[in-house]
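Reading through the structure tokens given below for one structure.
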Amino acid sequence: MERSNVSDRRELYQAASGETWYLGREPSNGRAFIIYQPGGPSGGQRSHVELGAFLNNGTEKPEQQALLRLIGTLVDIPPYAQREKL
């Protein structure tokens, strides 16, 4: 099933090998997922990966770090910022 087009995905990371990872969104229900596009020489097919599975094996890979940075941009206040005491 073809789940994405150019308008509902955002590039996360492109490796030197040409492999590219995108954050995609299912238009019908808003669910987010990762789109993996292999580099040209590898000859593989594009695949879709659920966010949990993408991060399940750690967060050390550059494409995983890119997703975490993007998620971090959704927060206005850094987690360890000084806050006024009430």
Side-chain angles (χ1 to χ4, degrees):
M1 174 169 99
E2 186 64 30
R3 292 169 63 177
S4 66
N5 61 45
V6 174
S7 65
D8 60 3
R9 68 181 185 180
R10 178 175 177 169
E11 185 175 311
L12 288 176
Y13 182 76
Q14 184 172 35
S17 64
E19 295 174 295
T20 308
W21 289 262
Y22 300 91
L23 178 63
R25 185 179 57 82
E26 181 65 51
S28 63
N29 62 19
R31 290 187 71 167
F33 56 92
I34 298 297
I35 303 164
Y36 169 68
Q37 179 70 50
S42 71
Q45 292 188 339
R46 179 173 54 190
S47 61
H48 295 89
V49 181
E50 295 298 323
L51 293 179
F54 181 71
L55 293 173
N56 192 39
N57 64 349
T59 57
E60 300 302 319
K61 296 177 183 174
E63 60 271 19
Q64 293 166 322
Q65 288 293 308
L67 175 60
L68 294 174
R69 280 192 299 276
L70 178 60
I71 291 170
T73 66
L74 301 174
V75 180
D76 290 333
I77 301 171
Y80 301 108
Q82 292 287 341
R83 296 183 184 196
E84 292 183 36
K85 294 184 179 184
L86 300 175

query: Do side-chain atoms of E19 reach the backbone of Y36 as a donor and acceptor pair under 3.5 angstrom?
result: no
task: First locate atom CZ of R9, then atom CD of Q37, and finally report the distance between them rounded to the nearest 0.5 Å.
output: 7.0 Å
message: Is any side-chain heavy atom of E63 closer than 4.5 Å to one of I34?
response: no
query: With side chains defined as the heavy atoms from C-beta onward, is the minimum distance between L51 and L23 less than 4.5 Å?
result: yes
query: Is Q14 reaching over with its side chain to a backbone N or O of W21, donor-acceptor style, under 3.5 angstrom?
result: no
query: Atom OH in Y22, atom CG in L67: separation rounded to 0.5 Å?
result: 15.0 Å
- request: Measure from the side-chain N and O atoms of Q64 to the backbone N and O of G58, and report whether any donor-acceptor pair falls under 3.5 Å.
  value: yes
query: Given R25 and R10, is the side chain to side chain contact (heavy atoms under 4.5 Å, CB included) satisfied, shown in steps?
result: CA-CA 9 Å; R25 185 179 57 82; R10 178 175 177 169; over 6 Å; no
- prompt: G18 and T20: which non-hydrogen atoms are nearest, and at how many Å?
  reply: O-OG1, 3.2 Å
query: Looking only at heavy atoms, which two atoms of G44 and P38 are closest? And how far apart?
result: C-CG, 3.5 Å
